[in-house]
Amino acid sequence: MADQPAPIDVTTTSVWAQLQTHAAESKPDLRAWFDKDPDRAERFTLQAADLTVDLSKNLIEDQTVELLVKLAEQVNLAERFEAMLSGQHINVTEDRAVLHTALRRPAGQEPELVVDGQDVDRDVHDVLDAIATFANKVRDGRWVGVTGKPVKTVVNIGIGGSDLGPVMVYEALKPYVQEGLEVRFVSNIDPADVYEKTAGLDPETTLFIVASKTFTTLETLTNARLARAWLWEQLSARGIIDDSDEARTDAVSKHFVAVSTALDKVEAFGIDPTNAFGFWDWVGGRYSVDSAIGTSVAIAIGPDRFAEFLGGFHAIDQHTRTTPFAQNVPVLMGLLNVWYTNFLGAHTHAVLPYAQYLHRFPAYLQQLTMESNGKSVRWDGTPVTTETGEVFWGEPGTNGQHAFYQLIHQGTRLIPADFIAVANPARALQDGGTDVHALFLANYFAQTKALAFGKTADEVRAEGTPESIVPARVFSGNRPSTSILAPALTPAVVGQLIALYEHITFVQGIVWGIDSFDQWGVELGKKLALEIAPAVTGDGLALADQDPSTRLLITKYLQMRTN
Ligand code: F6P
């Protein structure tokens with residue numbers, strides 16, 4: 001086990017009790033708070049790189065922030081952040097450094113980062129250079145398939161962090177994608193996924209990237225084999241290759257590359273290690289889109305834009321490292337999540353992008369936050385001492401407005417929500433004389449206003465509403481939200497948003513004393529799937545071995561199978 005200080009039991013700190021008292025005594029009243037305090041909006045609106053972050057519609061007073069900052073100090077947050085940046089093995093249960101922040105350090109930073117004898121800066125930049133060279137080759141048509149044709153479609157095969165990051169960023173940065181290039185993403189082991197994503201593709205112009213940190217993940221390796229079989233079948237159906245090993249190996253070398261920390265396994269799969277981009281065990285899967293795992297993105301938007309993307313992350317790393325806690329956006333947002341989860345009883349947290357290109361951001365955040373902080377033990381193996389890991393969820397506005405916002409506005413649960421928007425759309429359209437994006441953002445502004453200030457019964461009555469339905473039309477207000485506004489959805493801003501939530505997640509993990517960088521909770525299901533597979537494919541003994549419920553379900557499944 002890594003040599004790290006024991007986690008501090010946050011519930012035993014003096015400030016925890018003060019926060020409890022404060023939560024019990026505080027009577028959230030955003031209308032009154034804004035009325036009494038003309039500077040509230042200004043004071044609670046902060047800047048982190050290009051992100052303007054308005055915290056003023058949260059259920060906080062100055063005292064709340066003071067106490068939360070004290071809480072961060074009492075759990076040694078700054079020291080733990082430095083421990084991460086410097087490469088200490090803060091991923092205790094896996095005895096590993098946690099260095100995703102090193103992936104975006106600009107070249108030539110002083111002092112150099114050497115961790116466990118490894119010159120991290122040099123290794124990172126060597127791989128970035130190799131990715132840039134490769135991406136340029138694909139983009140300008142120098143990388144060709146077996147028939148000499150350039151690549152038109154890249155298919156990234158990965159799952160979890162090897163999928164969600166790249167697909168989210170690709171979608172977010174679609175306006176920057178080189179014309180004539182498309183990236184598709186295969187992740188699910190449901191064969192429908194690989195079937196649909198290869199449908200209509202020209203094998204001669206398709207490049208597969210097999211992205212897997214471990215290169216052992218069942219879903220990814222199965223899909224990679226299916227894709228390889230598809231390639232061989234398609235090329236041979238066109239008479240381009242025969243069934244010889246030589247021809248097949250040649251096809252794989254021109255149509256498959258890999259991204260992994262396990263280059264030996266890449267080679268065993270049949271991919272030439274010279275066509276593989278490495279990274280390191282100190283990059284967690286859900287923290288890896290800025291490593292070689294982002295190769296599909298680097299191809300799509302180009303190395304220069306990819307560098308800007310990394311620059312965005314770094315700007316937030318610097319902000320987090322150097323800004324006093326009281327103005328530090330990731331620190332305060334992480335502490336606010338603690339406030340809502342541990343003192344005000346929230347169980348979930350909505351993330352609502354008012355930017356269609358961010359439509360996969362909530363899904364991406366689900367892995368980042370919930371795989372990181374969904375834990376019941378602390379990093380020394382002792383049980384957690386308070387609630388951890390709220391459920392993150394969301395959909396882009398305005399779609400969400402017409403689906404689940406009812407519950408956020410008038411339901412019985414407290415749901416803190418982050419609203420994210422950009423001022424300048426990549427696609428500006430007019431409807432008659434109306435700027436449609438401005439209309440879209442009117443919704444963004446309106447929703448947080450409605451949540452914060454609500455509508456009283458008197459206001460409802462004043463509209464002439466019949467008394468019997470006044471209660472149904474009252475909005476309580478005092479429903480917390482954070483508004484994030486950026487000038488545009490540039491590569492840098494997307495990097496900033498990701499780094500923001502990475503560090504929010506870190507802050508919460510430190511407060512709760514948990515290792516936010518392991519994911520043992522996904523192991524049991526994976527192991528059982530392998531054990532159950534024979535029963536599902538007709539092995540009677542394996543079926544008999546199952547518990548009664550699982551046995552019954554599998555039996556029903558076998559009876560239903562018609563093909
Ligand atoms: O779901 C567990 C997990 O290990 C994730 O943490 C990871 O992102 C994903 O599987 C994929 O892993 P790999 O990149 O090794 O294929």
Side-chain angles (χ1 to χ4, degrees), residues 90-100 103 127 131 155-170 185-190 193-194 197 208-228 256-269 271 276-297 360-375 379 389 391-392 498 501-502 505-506 509 514-530:
I90 66 161
N91 177 353
V92 174
T93 71
E94 295 180 310
D95 196 6
R96 286 177 184 166
V98 175
L99 276 172
H100 45 277
L103 297 168
V127 172
I131 292 169
V155 180
N156 187 83
I157 303 175
I159 197 164
S162 301
D163 168 73
L164 285 164
V167 72
M168 182 277 282
V169 175
Y170 174 74
F185 295 86
V186 174
S187 53
N188 206 329
I189 196 171
D190 182 337
D193 200 12
V194 78
K197 301 295 172 43
F208 292 97
I209 300 178
V210 186
S212 174
K213 177 177 169 178
T214 54
F215 228 77
T216 57
T217 305
L218 181 70
E219 292 86 344
T220 300
L221 291 187
T222 305
N223 281 329
R225 282 191 298 272
L226 291 174
R228 190 176 57 182
F256 271 80
V257 298
V259 175
S260 186
T261 59
L263 298 182
D264 50 333
K265 297 195 175 79
V266 169
E267 190 169 11
F269 180 83
I271 296 174
F277 304 99
F279 61 113
W280 308 273
D281 70 359
W282 40 257
V283 183
R286 53 197 175 272
Y287 298 86
S288 67
V289 64
D290 45 342
S291 73
I293 288 292
T295 298
S296 55
V297 176
R360 293 294 284 160
F361 195 56
Y364 168 77
L365 283 187
Q366 286 185 322
Q367 187 196 12
L368 174 64
T369 57
M370 297 182 354
E371 203 171 73
S372 294
N373 286 341
K375 315 271 166 75
W379 71 67
V391 175
F392 279 78
I498 299 173
Y501 281 91
E502 284 178 352
T505 304
F506 178 84
I514 58 186
D515 182 341
S516 300
F517 303 99
D518 62 14
Q519 58 284 319
W520 299 106
V522 298
E523 293 305 320
L524 179 60
K526 282 191 205 171
K527 186 167 167 278
L528 290 182
L530 289 178

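All values below come from the heavy atoms of this structure, side chains included, with hydrogens, waters and symmetry mates left out. Atoms within a ligand are numbered from 1 in the order they appear, just like the ligands themselves.
Here the heavy atom of the protein found nearest to atom 2 (C) of ligand 1 is Val522 CG2, 3.4 Å. The protein atom (non-hydrogen) at minimum distance from atom 11 (C) of ligand 1 is Ile159 O, 3.2 Å. Scanning the protein for heavy atoms near atom 10 (O) of ligand 1, the closest one is Lys526 NZ, 4.5 Å. In terms of protein heavy-atom proximity, atom 15 (O) of ligand 1 is nearest to Thr214 OG1, 2.6 Å.
With Thr220 as the partner, the side-chain contact (heavy atoms from CB on, under 4.5 Å) test is satisfied by one option alone out of Ile159, Asp163, Thr214, Val186: Ile159. Checking Gln366, Glu371, Met370 one by one against Arg286, the side-chain contact (heavy atoms from CB on, under 4.5 Å) holds for a single residue, Glu371.
Proximity annotation for atom 5 (C) of ligand 1: of Gln519, Arg286, Glu371, Glu371 comes nearest, heavy atoms only.
Note on residues 211-220: no pairs pass salt bridge (Lys or Arg N to Asp or Glu O under 4.0 Å), not counting sequence neighbours. The list of salt bridge (Lys or Arg N to Asp or Glu O under 4.0 Å) pairs with a residue in residues 258-269, not counting sequence neighbours, is empty.
Using a 4.0 angstrom heavy-atom cutoff, Glu219 does not count as in contact with ligand 1.
With ring centers used as reference points, Tyr364 lies 6.0 Å or more from Tyr501.
The aromatic rings of Tyr287 and His100 lie parallel to each other, with less than 30° between the two planes, well short of the 60° mark.
Listed by number with element, the atoms of ligand 1 under 4.0 angstrom from any heavy atom of Lys213 are 13 (P), 14 (O), 15 (O), 16 (O).
The shortest N or O to N or O distance between Thr217 and ligand 1 is under 3.5 Å. Any N or O atom pair closer than 3.5 Å counts here, and Gly161 shares at least one such pair with ligand 1.
Side-chain N or O atoms of Asn91 include one that pairs as donor or acceptor with a backbone N or O of Phe517 at under 3.5 Å.
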